[in-house]
Trainee: 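Please find one structure pasted underneath; my questions will follow.
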Amino acid sequence: MTPEAAPKKDFIRSRIASDVEAGKNGGKLHTRFPPEPNGYLHIGHAQAIWLNFSVAEEFGGKCNLRFDDTNPGKEDVEYVDAIRDDIRWLGYDWDDREFYASDYFRTFYDFAVKLVRKGKAYVDSLPAEEISAYREAQKDSPYRERSVEENLDLLERMRKGEFDEGTHILRAKIDMRSPNLNLRDPAIYRIRKIHHDRTGDEWCIYPMYDFAHGFSDSIEGITHSLCTLEFENHRPLYDWFIEQLEVFHPQQIEFARLNVSFLITSKRKLLRLVQEGHVSGWDDPRMPTIRGLRRRGYTPASIRDFCSNAGITKVNGVTQLVVLENAVRKDLNATAPRMMAVLEPLKLVITNYPEGEGELLDAVNNPEDPSMGSRKLPFSRELYIERDDFREDPPKGFFRLSPGTEVRLRYAYYVKCEEVVKDANGEVVEVRCTYDPATKSGQEGAPLRKVKGTLHWVSAPHAVEAEVRLYDNLFRVPAPEVGVEDFLENLNPDSLRVLTGCKLEPELGAAEVGQNVQFERLGYFCVDQDSQDGALVFNRTVSLRDSWAKVEKAAENRG
RNA sequence: UACCCCGUGGUGUAAUUGGCAACACAACUGGUUUUGGUCCAGUCAUUCCAGGUUCGAGUCCUGGCGGGGUAACCA
């Protein structure tokens, strides 16, 4: 694992530090990550995971994994396995502390009964729309003053399944005139005659999130319950529940949800992308899901680094996508082996190199890390270079190959373009060069003339073929959800480009699924799971920074 | 509309709690380089506005303005 900078001291860490210092909760810290198993985890969850686990680690505490499974109609075990897998992949471990809100259903029910006994909850029999209207009008329900006995009886019969869904509901009895909507007698138990993945058919009433969540934290002894901003208005309600039942009081602290430009993190919208076939699945390398990022070639360390870098605040901002891209570049620059690959091949023939001969050249695996050693690279008379690296009519500032110019072939020789071969359409199909044997790479001796460009190449007879998938942003604008009726209008039609017949140096033939490599001068790539024996598929994780592309684009814009 | 939260470079965050506004990314200059990569150096802000307290305010107070969240028998 690459070393990661110590996390920045955000407002949550500062607050926890002072709590710990003050000896609150005996100086102990305990957090939790509480996903609802109703979808795959995405980059936003990654930050919440990173926050909770790294804070726990930093303060010598623990972090639980708890599935918030209070709504069986929307949840599925499929997601439980995926969520576990993603968190582990990110590099975190919850040991045996895997919990479920449903583990506490019995306790929640007992709490509800206690509230009723205290006269702090009642069964309402108004239809849903009426309850909503009454809450807005700050008007008491006609059922608000039912006796404790009647409420107890109705609640018990709700539990037994005597009523249809929607006919009755248990509400907390707080204050219908409260300026905080959440305190206007919120629902705490509703009838749902649905099978639950973990509790089976034991229950036909299920607690609301607002009722269950704070108590789950309390039961597990969570000292600091970190959640996103939209729950800020709910905190007084959680505190009220905790006070009424006189149980352990976790401290909730809210922070802003992570937003990244060009990415969407709404579960509903991600689901639509999958269901309507705009992407190949939850793990499509263009998806902002953990699985998508993973398949794309992002490393756990780079994602953690990104989360830390984006920072934790209460301000709703948008982190630029390049910050994420830079995080993976930084990690892979240090760790990924360099390899030669030509994506759009152009044949290059060295006319003065003996036919049928070849040699093995030394190539460094990673100039950033000498311990990664070197390898032998086969060289011969016929090579492939990148089509982009040759211009018959070079623009100003182009210092790659063109008629009459000389460049270095990485780890090999200088070559000079002498001739161009074209097909019937006038397209260049081959460049013919001469090489200078005295310019062999690594050779000691006389100072050489300088060339400006160095090209990557692959020996034609030794090349391994592969498919390479180039990804661009799934959306063509930084904020895909604003200014349009349907975010799909902003889908980028060119977000995937598939290249076949790419030429790789032979060493790459043995690459394994998931392996990260840098294709020299091009970018970071990784082996996709679609690879078969003899039919490799690579995903481009991210390109290298490309200052020439920038210059060219600027020239284009000038006209 | 009501309630709650938040305003620091182009972007994301800092600022020892009242003491020279710092870091990263982007952009632009230049240097090194057998990856137009990496690396190195430099340039880029009167802290939303107006008052007030103070020797001193990004920080405290008052009033504006602006942005966001919530108003489910979802989480």
Trainee: Relative to the 5' end of RNA chain B, which residue comes earlier, A:Phe519 or A:Ser14, by the nucleotide with the nearest heavy atom?
Mentor: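 Counting from the 5' end, the first nearest nucleotide belongs to A:Ser14.
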Trainee: When you compare the side chains of A:Ser374 and A:Asn365, does any donor N or O come within less than 3.5 Å of an acceptor on the partner?
Mentor: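 Distance-only check fails for A:Ser374 and A:Asn365.
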Trainee: With nearest nucleotide decided by heavy atoms, which residue, A:Pro179 or A:Phe11, maps closer to the 5′ end of RNA chain B?
Mentor: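 The residue whose closest nucleotide sits nearer the 5' end is A:Pro179.
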Trainee: What integer distance in Å separates A:Leu522:CG from B:G36:C1'?
Mentor: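 Whole-Å distance recorded here is 12 Å.
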Trainee: Tell me yes or no: between the side chains of A:Asn38 and A:Glu36, is some donor less than 3.5 Å from an acceptor?
Mentor: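 There is such a pair between these side chains.
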Trainee: Listing request: all ring pair (Phe, Tyr, Trp, His ring centres under 6.0 Å) pairs with a residue in residues 316-342 of chain A, at least two apart in sequence or in separate chains.
Mentor: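 Residue pairs with at least one partner in residues 316-342 of chain A: there are none.
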Trainee: Which is true for A:Glu254 with a 4.0 Å heavy-atom rule: it touches a base, it touches only sugar-phosphate, or it touches nothing?
Mentor: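 Contact class for A:Glu254: none.
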Trainee: Could you work out the separation of B:C25 and B:A41 based on their P atoms and round it to a whole Å?
Mentor: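 My reading of the P atoms in B:C25 and B:A41 gives 12 Å.
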Trainee: Identify whether the glycosidic angle of B:U33 places it syn (within 90° of 0) or anti.
Mentor: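 Anti conformation for B:U33.
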Trainee: Check every strand shown and say whether A:Gly73 touches a base, only sugar-phosphate, or nothing at a heavy-atom separation below 4.0 Å.
Mentor: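 Counting heavy atoms under 4.0 Å across all strands, no contact is made by A:Gly73.
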Trainee: Any stems for RNA chain B, made of 3 or more Watson-Crick or G-U pairs in a row, each with both distances under 3.5 Å?
Mentor: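 Result, WC/G-U stems under 3.5 Å: B:1-7 with B:65-71, B:10-13 with B:22-25, B:27-31 with B:39-43, B:48-52 with B:60-64.
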Trainee: Would you indicate what A:Phe398 reaches in the nucleic acid, counting non-hydrogen atoms under 4.0 angstrom: base, sugar-phosphate, or nothing?
Mentor: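 The answer is base, as A:Phe398 lies within the cut-off (heavy atoms under 4.0 Å) of a base atom.
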Trainee: Picking from A:Tyr104, A:Phe111, A:Trp240, what satisfies ring-ring contact (aromatic ring centres under 6.0 Å, His included) with A:Phe215?
Mentor: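 Looking at A:Tyr104, A:Phe111, A:Trp240, the match for A:Phe215 under the ring-ring contact (aromatic ring centres under 6.0 Å, His included) is A:Phe111.
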Trainee: Any sub-3.5 Å donor-acceptor pair from A:Arg410's side-chain atoms to A:Thr454's backbone N or O?
Mentor: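 No; judged by distance alone, with no hydrogens or angles, the pair does not exist.
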Trainee: Does A:Arg171 pair with A:Asp124 as a salt bridge, N-O distance under 4.0 Å?
Mentor: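 Salt bridge: yes.
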Trainee: Taking only residues two or more places apart in sequence, or in another chain, which ones meet A:Glu359 in a side chain to side chain contact (heavy atoms under 4.5 Å, CB included)?
Mentor: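 With neighbours one apart ignored, the set is A:Tyr353, A:Leu361, A:Phe379, A:Tyr413, A:Lys440.
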Trainee: Mind checking the C1' distance from B:C20 to B:A15? Whole angstroms is fine.
Mentor: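 Rounded to whole Å, the distance is 12 Å.
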Trainee: Is any N or O donor-acceptor pair between the side chain of A:Arg521 and the base of B:G36 shorter than 3.5 Å?
Mentor: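 Checked by distance alone, the answer is no.
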Trainee: Distance between the P atoms of B:C23 and B:C61, in whole angstroms?
Mentor: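 Between the two P atoms, the distance is 29 Å.
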Trainee: Could one point to a donor on the side chain of A:Thr313 or the base of B:U13 with an acceptor on the other under 3.5 Å away?
Mentor: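 Absent.
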Trainee: Please list each protein N or O that sits under 3.5 Å from an N or O in nucleotides 24-28 of chain B, with the distance.
Mentor:
| unit_1 | atom_1 | unit_2 | atom_2 | d |
| --- | --- | --- | --- | --- |
| B:C25 | O3' | A:Asn326 | ND2 | 2.8 |
| B:A26 | OP1 | A:Arg545 | NE | 3.0 |
| B:A26 | OP1 | A:Arg545 | NH2 | 3.2 |
| B:A27 | OP1 | A:Lys550 | NZ | 2.9 |
| B:A27 | OP2 | A:Lys550 | NZ | 3.3 |

Trainee: Using a 4.0 Å heavy-atom cut-off to protein, can you give one letter per nucleotide of nucleotides 67-75 of chain B, 5' to 3': B if the base is in contact, S if only the sugar-phosphate is, - if neither?
Mentor: -SBSSSBSB
Trainee: Measuring only the P atom in each nucleotide, how far is B:C60 from B:C6? A whole number of Å is fine.
Mentor: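 To the nearest whole Å, 11 Å.
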Trainee: Please verify the inter-ring angle class for A:Phe231 with A:His234; under 30° counts as parallel, over 60° as perpendicular, anything in between as tilted.
Mentor: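 A:Phe231 and A:His234: perpendicular rings.
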Trainee: If we take the P atom in both B:A24 and B:G67, what is their distance in whole Å?
Mentor: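 Between the two P atoms, the distance is 32 Å.
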Trainee: Using the C1' atom as the reference point in each nucleotide, state the distance between B:G69 and B:U29 in Å, no decimals.
Mentor: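 About 43 Å, rounded to a whole number of Å.
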Trainee: With heavy-atom distances below 4.5 Å as the criterion, would you say the side chains of A:Leu343 and A:Leu522 are in contact?
Mentor: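 In contact.
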Trainee: Only counting residues at least two apart or in another chain, list the ones meeting side chain to side chain contact (heavy atoms under 4.5 Å, CB included) with A:Arg257.
Mentor: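 A:Arg257: side chain to side chain contact (heavy atoms under 4.5 Å, CB included) contacts with A:Thr228, A:Glu230.
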Trainee: If we ignore angles and hydrogens, is there a donor and acceptor under 3.5 Å between the side chains of A:Asp68 and A:Tyr100?
Mentor: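 No pair is found: no donor N or O on one side chain lies under 3.5 Å from an acceptor on the other.
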Trainee: Run the salt-bridge test on A:Lys269 and A:Glu481 with the 4.0 Å N-O cut-off and return the result as yes or no.
Mentor: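 Salt bridge between A:Lys269 and A:Glu481, a charged N being under 4.0 Å from a carboxylate O: yes.
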Trainee: What's A:Arg171 touching, base or sugar-phosphate or nothing? Going by heavy atoms closer than 4.0 Å.
Mentor: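 No contact.
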Trainee: Just to be sure I understand the rule, does A:Leu455 reach a base, reach only the sugar-phosphate, or reach nothing, if contact means heavy atoms closer than 4.0 Å?
Mentor: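 It contacts nothing in the nucleic acid.
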